[in-house]
Every structure is written in C-alpha cells, then in structure tokens.
A.B. asks: 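Please see the structure below; I have some questions.
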2 protein chains.
Amino acid sequence: MENAPPRPADLSAQIASAIRDAIVDGRLRVEERLPSEAELADQFSVSRPTVREALKRLAAQSLIRTQRGAAGGAFVNRLSFENAYAQQITTSTLLLSMNAVSFDTACEARFALERACAPLSSQRRSPDHLATMRAEIHRQAQPGLTDEAFCASDVAFHRALVDGAGNPVLSYQLAGAVEAMQPLMNMITFTARSRETIVALHTGIADALEARDVVETTQGLSALESETRKIAAGVFAARAARD
Amino acid sequence: MENAPPRPADLSAQIASAIRDAIVDGRLRVEERLPSEAELADQFSVSRPTVREALKRLAAQSLIRTQRGAAGGAFVNRLSFENAYAQQITTSTLLLSMNAVSFDTACEARFALERACAPLSSQRRSPDHLATMRAEIHRQAQPGLTDEAFCASDVAFHRALVDGAGNPVLSYQLAGAVEAMQPLMNMITFTARSRETIVALHTGIADALEARDVVETTQGLSALESETRKIAAGVFAARAARD
DNA sequence: ACTTTTTTAAATGTCTGACAAATGGAAAAC
DNA sequence: GTTTTCCATTTGTCAGACATTTAAAAAAGT
C-alpha cells in the first residue's frame, strides 16, 4: 500500500514544473524572455546543468525555444496548431502501437470523429478543399502506387475533409486520430480491387460534399468505414492462416 | 565532421531524435533498458551532460523513465492512455489560450466530437456510466456550488458520456477537447437560472442514453451546445458593455 | 543449509569550472 | 554617416568529481 508518498521529484523536474506553471498561468507571456540560465540557477539555488535539463524538458514540449548569442536566451513559444500536430501525432501513434489497440477500435474512433466533421465540412468546405480531395482521389487511382503512398494520399484526402470544417480545434484533434492510424493502415496490402472500391467511395464522399449533402456524406463515411474494416479483416485473416 | 547540414540542431536534440526514432520504430521495445548514460555518451561521442539533456527531453514526453541505483537506468515507457491524458490536456489548454480560440470555436468542436460518441455510447454505456452521470447531475443541482465546482462536475458528466462509448481512443481524443475547455468555461458565471436549464438538458441526455435513444441523445447535445453558446454570449456581451 | 546483515558496485542526480560558438550592440575606423 | 572591428552576453558542450540510491553479491549468524 505504500504506493509513493509524493516522492520528491528530480530538481530539474520541479523547476520545469514551476516554469511550466508560470507559462500556463500567464505569468510568463508569449515571446517573453526567461531569465538567463545563470540567473535561473541562482533563483532556484541549483547549478546550471540542472536548469538546462529543466529547460530541455520544456523545449521538448515546444513550450520554449532557445537562442544563442548576446540577446539570446529562452523564450516562451506561441504554441501553434501546426507545431502541436507533430506532437499529437507522435503520441497518438505510440499510444496505438504500444497498447496494441485493435485495428477495429482505432478505425471506429477515427470514423466516428470524421463523421462529426461532416456537417460542418459540407457547410463550409471551400473549392480548394474539394480540389485537394479530387486530386488525391486521382492519385489513388493511378496504378503504380505503393501501399505507403496510397495510405499517405488517403490521409491527405481525409485531412482535406476535416480541414473543410474550418475549425482549427477539430483539425488538431482529428490530426491525431487520422494520421496515427497510418502505421496501422500501412500493415495492410491493398489489392487493385479494394483500391478501386475505396476510390469509388472517396468519389462518393467528395460528390456529396460538393453537393453539401450532409446525409450522403455521413453515409459515405460509414460505408468507407465498414469497407475499410472488411478489407483489414480479410488481410488479417489471411495472415493468421498463413502463420 | 560530416554532420554539417544547413541547420545543425543541438546535439542533445539530435540524440533525442535518434532515440525517439528507435522507440517509434520498435528497435527499442517497451520496458527495455537503454544503455547507461556513460555508454550513450560514448556511442554518440558526446559528454554525459549532453546525453542527459537528450534523455530529459524524452522523459518530458513520457517516452522514457529513469530509475536510480544499481539496476537503474532509462527504460522505455509504456505510454498509457491515462498518462497521455495529462499531456493532451495541457497542450490543448495552451493551444486554446495562446491562440485566442474563440469560445464558439472551441464549443463547436467539443460538441461535434461529443455527438460523434453518442451512437456508440447509447449502445454500450454501462449502468455505471449512467450512475456517474446521474450523480453529477445531482451535484450540479445543489445550490451552494461554486462556478468552478459546477464546471468540474460538468466535465465529469461529459467524460462519463464519452467513456460510455467504450473506445479508449475516443476517450483519449475527447479528453483534450472537453477538459481543455474548462478554463474557458470557468470564465463564465452561471446564474441560478442558467444552471437550472443546463441541469434539465443534462437530465434529458441521461434519459435518452438510458433509453438507448441515439436521436434524442444527439438532439440533447445539440440543444446543450446552443444553450451553452447562448449563455456565453450573454456573459461576454454584459462584460463588454461594462468595460 | 537457510536467513539475515553487510558490503559493494553500478547507475543516476548534482555540482563546479571551464571553454567554444554564436550574436547583437557598442566602439572605432574610415 | 557608414562600415568595420571588438566585446560582452548567453547558450552549447565538455571534463571531472562527489552524493545518493539501489539491487545484487558477499559475509555473518543461526
């Protein structure tokens, strides 16, 4: 039961926490410069290497960046959606692979979230979003494509759909769900026949989105979900039989 | 030295990247022990402080943990959903505050995502999930509650709804969207009247979920969304007029 | 032979001091 | 007034040392 009485964390972790809190609370504002490493070391009564370890922790979370030179130092980062994507995707990918989330579970989540974007996207999608989707569909129909390239194009297609909703928060959240599935999708070999089916479904979705038809878009996504799961089930079954 | 790319990153960043790639690629497996700091320093031909900074970067992302002592060292973490929640929430919160995302945008995303959970949750929610929701509704109806406590209970209610979908990937993604909104919600003062309305809407959603009525659940969420946005608009308008 | 205690070695955590490299601004030269 | 040179500041890196923790080996006791 002696699980862990608030075990004294490392000094560098404590300092990182203190600075992180200051950023979150707004005591340190965006683009503001932190005290120099020497000053921080003095303030916290630790050595400079310890301060540096704390700063590296924060840099790893994109909370600060450092700059060398006379007017250099550590600056509070503006956490942009674009920058946060990468972290979000890395974390989501690892979560899926390390926890052995089944393909079905990940797939279910992904399409549930995508369907959540459908109403907004069919309302707000720009011609640009449609053009991107059409272009990706065209690419997916080309014969010489590797499975990896096909999956990458698939991700691009769905990102265009999601971005069409015009809500950066949605795009951010969906980035994790959609892109993190790519490694799982890459485990699948797509036959010419299954690619044909997917391209047809993609076309149906793009058409529905162009017509601003929410119901049709949603149904298209659902059809794509069941088709994707069917293909995956087939691939996994064949693989299991071979082993 | 051959390492003269246009933008030579910090050595510690390079090393962190190399190890991170090894983890993502599976060359380093979960619970596997990394070489000691001295060995790593030797392998990468850098000093131990540099290696340590790299390891701290990875520790900040929960990719590794370190243990002191004879059989200690750095171990590859199993990234659990629970652990990832905290990071996800911190990042989402900062994203919202630093990028001045409007209340409406965040609210729209949140309820769109929640509606995505409705079909699954009405199908799979357990009596336990329902009980949690009822308990939170009961708490929300009590008079002496602070605004913060009311918001916290609101979050707990919605998390139960999301968890009811029985999909950890969904729960993870939603945690960011739902909990990151709490600071925004906390800026709102809830009148007794508006609390009453929200409690009624929550009750309606719980009832619909108990009856496994997808349409009713979805409509309840939509009603709650527009009510929330209406309350927020009122509060912000009053605040703007006063200033 | 088995259990308990002690020792020991390995590893991380931290500190000190130093030098290298980058960089912006001030001082000097033109 | 413009350009060049110099310099102080700050981060990046290194080397070595000591402290602390911890598990396993060694020793002692039963």
Side-chain angles (χ1 to χ4, degrees), chain A residues 2-20 22-23 28 30-77, chain B residues 1-20 22-23 28 31-77:
Chain A
E2 191 221 335
N3 197 351
R7 193 172 41 192
D10 295 349
L11 282 178
S12 67
Q14 290 178 36
I15 294 169
S17 249
I19 298 177
R20 179 168 29 241
I23 294 176
L28 286 170
V30 170
E31 298 304 319
E32 190 171 336
R33 183 182 172 281
L34 274 69
S36 74
E37 294 176 354
E39 287 177 275
L40 287 172
D42 213 46
Q43 281 182 29
F44 288 105
S45 304
V46 296
S47 67
R48 195 158 82 91
T50 302
V51 167
R52 282 184 61 80
E53 288 180 8
L55 293 181
K56 293 313 168 199
R57 295 180 114 110
L58 300 176
Q61 299 178 306
S62 307
L63 288 181
I64 63 168
R65 68 175 181 283
T66 55
Q67 210 173 352
R68 288 169 69 158
F75 297 85
V76 179
N77 254 336
Chain B
M1 309 304 176
E2 77 248 67
N3 65 342
R7 306 230 178 125
D10 293 345
L11 283 178
S12 68
Q14 290 178 36
I15 294 169
S17 249
I19 299 177
R20 178 168 31 240
I23 295 176
L28 285 171
E31 297 305 319
E32 190 171 336
R33 183 182 172 283
L34 275 69
S36 74
E37 294 176 353
E39 287 177 276
L40 287 172
D42 213 46
Q43 281 181 28
F44 289 103
S45 304
V46 296
S47 66
R48 195 157 83 89
T50 302
V51 167
R52 282 183 61 80
E53 288 180 8
L55 293 181
K56 293 313 170 199
R57 296 180 112 110
L58 299 176
Q61 299 178 307
S62 307
L63 289 181
I64 63 169
R65 68 176 180 283
T66 54
Q67 211 171 355
R68 290 171 68 161
F75 297 84
V76 179
N77 254 335

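Numbers restart at 1 for each chain; the letters A, B, ... are given by sequence-line order, proteins then strands.
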A.B. asks: Roughly how far apart are A:Thr66 OG1 and A:Asn77 CG, rounded to 0.5 Å?
C.D. replies: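 Those atoms lie 9.5 Å apart.
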A.B. asks: Could you state the CZ-C1' distance from A:Phe75 to C:dT23, rounded to the nearest angstrom?
C.D. replies: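 Interatomic distance, CZ of A:Phe75 to C1' of C:dT23: 12 Å.
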A.B. asks: Just to verify, what does B:Arg68 make a salt bridge (charged side-chain N to carboxylate O under 4.0 Å, His left out) with, not counting sequence neighbours?
C.D. replies: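 Testing B:Arg68 for salt bridge (charged side-chain N to carboxylate O under 4.0 Å, His left out), a comparison that skips the adjacent residues, returns none.
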A.B. asks: Kindly write out the residues that satisfy side chain to side chain contact (heavy atoms under 4.5 Å, CB included) with A:Leu28, not counting sequence neighbours, or none if the list is empty.
C.D. replies: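 Here the qualifying residues are A:Ile19, A:Ala22, A:Ile23, A:Glu32, A:Leu34, A:Val76.
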A.B. asks: Among residues at least two apart in sequence or on other chains, which ones pass side chain to side chain contact (heavy atoms under 4.5 Å, CB included) with B:Gln67?
C.D. replies: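 Per chain and number, B:Gln67 pairs via side chain to side chain contact (heavy atoms under 4.5 Å, CB included) with B:Phe75.
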A.B. asks: For DNA chain D, find the residues of residues 34-41 of chain A with a heavy-atom distance under 4.0 Å and give them by number; none if there aren't any.
C.D. replies: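 The answer is A:Ser36, A:Glu37.
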A.B. asks: Tell me: CG of A:Asp42 to C1' of C:dC15, nearest whole Å?
C.D. replies: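 Rounded to whole Å, this separation is 14 Å.
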A.B. asks: Tell me which residues in residues 47-59 of chain B put a heavy atom below 4.0 Å from DNA chain D, sorted by number, or none.
C.D. replies: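 Those residues are B:Ser47, B:Arg48, B:Thr50.
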A.B. asks: For DNA chain D, what residues of residues 66-74 of chain B have any heavy atom nearer than 4.0 Å?
C.D. replies: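 Nucleic-acid contacts, sorted: B:Arg68, B:Gly69, B:Ala70, B:Ala71.
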A.B. asks: If you measure from CZ on A:Arg20 to CZ on A:Arg57, what distance do you get to the nearest 0.5 Å?
C.D. replies: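 Answer for the CZ-CZ pair, A:Arg20 versus A:Arg57, is 8.0 Å.
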A.B. asks: By side chain to side chain donor-acceptor pair (under 3.5 Å), which residues pair with B:Ser17, not counting sequence neighbours?
C.D. replies: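 None.
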A.B. asks: Starting from P on D:dT22, measure out to CZ on B:Arg65 and report it in whole angstrom.
C.D. replies: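 Checked: the CZ to P distance equals 14 Å.
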A.B. asks: What is the distance, to the nearest angstrom, from the CG atom on B:Asp10 to the P atom on C:dA21?
C.D. replies: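 Rounding to the nearest Å, CG of B:Asp10 and P of C:dA21 are 15 Å apart.
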A.B. asks: Name all residues meeting the salt bridge (charged side-chain N to carboxylate O under 4.0 Å, His left out) criterion together with A:Arg48; count only those two or more places apart in sequence or in a different chain, and write none if there are none.
C.D. replies: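 Residues passing salt bridge (charged side-chain N to carboxylate O under 4.0 Å, His left out) with A:Arg48: A:Glu37.
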A.B. asks: Could you list the residues that satisfy side chain to side chain donor-acceptor pair (under 3.5 Å) with B:Ser62, not counting sequence neighbours?
C.D. replies: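 With sequence neighbours excluded, B:Ser62 shows a side chain to side chain donor-acceptor pair (under 3.5 Å) to B:Gln87, given in chain and number order.
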A.B. asks: Who are the side chain to side chain contact (heavy atoms under 4.5 Å, CB included) partners of A:Ala71, not counting sequence neighbours?
C.D. replies: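 Partners of A:Ala71 by the side chain to side chain contact (heavy atoms under 4.5 Å, CB included) criterion come out as none, since no residue qualifies.
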A.B. asks: Going by the rule side chain to side chain donor-acceptor pair (under 3.5 Å), which residues pair with A:Ser36 if we only count those two or more places apart in sequence or in a different chain?
C.D. replies: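 Testing A:Ser36 for side chain to side chain donor-acceptor pair (under 3.5 Å), a comparison that skips the adjacent residues, returns A:Glu39.
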